[in-house]
Amino acid sequence: MDRDRNVDAAFMRRCLQLAALGCGHVSPNPMVGAVVVHEGRIIGEGYHRCYGKPHAEVNAIASVADESLLPQSTLYVSLEPCSHYGKTPPCAELIVNKQIPRVVVGCLDPFPAVSGRGIARLREAGVEVITGVLEDECRELNRTFMTFQTHHRPFVTLKWAQSRDGYIDRRREPDEPAARISDDVSSVWVHRLRAEADAILVGTQTAIADNPSLTARLWPGRQPLRIVLDEHARVPADRRLFTDGLPTLLVTGEQTDYRELPPSVELLRLPFGQALIPALLDELYRRRLQHLVVEGGAALLRSFIDSGMWDEARVETGPLALVDGVAAPTIDRLPRQTEWCGRSRIDWYENR
Ligand SMILES: [Zn+2]
């Protein structure tokens, strides 16, 4: 039995590797990987490649050269097979139709139309179903999806770079260059983080002083929606967020009169103050944006930390010392993990 469990875990690990290949392409769907195993050998593999496209199980089964082996095979899949008609027919039906006798599942799907029903459908049809193999790893891989489905808001990542003495920038006038804390290597890391997100948020001061473009150009994948907060219409019209033609969501106060906007910019009026973060997260949930990265400035990051409505923080500390400047936010706990990227240290905090 233990041996079986180890074998199952090894094949589930392969499912996880495959699932991760969909990162940045499948949201708001989860990342899922699947393998078909016949007599201890993998005869088919697949993963969910792109939102709206076939699920992992479909791709794995389609990749099997000799379909006659399926009735003696085991299907491993990192997430419970679906049982409802969404953009594609249900995978549970496909498994039953192909007469696959055994299915090993990593974790259950929290999505209300699936949760537990995919497994029930398979068992009804006489398929042996094993659940909970590498369950924590499978949930962790899709933590943005899990948070979105269970808390009905996007997963929130706070991200900033600070000098080694704890400042996110020197004090300066708008359009004076910002202190450069990231190097070429850690910049790629930032762009990768953006490419994996659905939306990136910055505050008014950051939009004015840094004139950021917030693109993910150093990493392949989708361009996340850019969101800028501007309660009193103070951000000048010549900022890149408004002029480069890429979509931007401009969040302004309920009473603010706004100038004319280019077609790439959408205006959203929300209450500011205490109500802003919950109202914004509600709106993003409604738009099915599953992963929000908050990039600054310090005041906005602090208000997320104070609200408790954040899930992780990724803090880059570079070798530069600034002596004085804009103090970085602080998190009063130890990082879960620390790694090095270029000349920067990256601390990863979790809020749980
Ligand atoms: Zn499916």
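No experiment lies behind these values; they were computed from the predicted model shown. Excluded from the calculations below are hydrogen atoms, water molecules and symmetry mates; all remaining heavy atoms, backbone and side chain alike, are included. The residues of the chain are indexed from 1 along the displayed sequence. Read the numbers this way: they start at 1 and go in the same order the structure lists the ligands and their atoms.
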### Message
Test of understanding: with ring-ring contact (aromatic ring centres under 6.0 Å, His included), list the residues that count as partners of Tyr51, not counting sequence neighbours.
### Response
none
### Query
Among side-chain atoms of Arg287 and Tyr285, is any donor-acceptor pair under 3.5 angstrom?
no
### Task
Sequence neighbours left out, what passes side chain to side chain contact (heavy atoms under 4.5 Å, CB included) with Ser186? Give chain and number order.
Ser182, Asp183, Glu316, Cys341, Ser344
#### Entry: Partner set under side chain to side chain contact (heavy atoms under 4.5 Å, CB included) for Leu108, not counting sequence neighbours
Glu80, Ile119
### Query
Hey, which protein N/O/S atoms does the Zn ion (ligand 1) have under 2.8 Å?
His55 ND1, Cys82 SG, Cys91 SG
### Query
Parallel, tilted or perpendicular: which fits the ring planes of His48 and His55, with parallel below 30° and perpendicular above 60°?
perpendicular
### Task
Report the relative orientation of the aromatic rings in Phe155 and His291; use parallel for angles under 30°, tilted for 30 to 60°, perpendicular for over 60°.
perpendicular
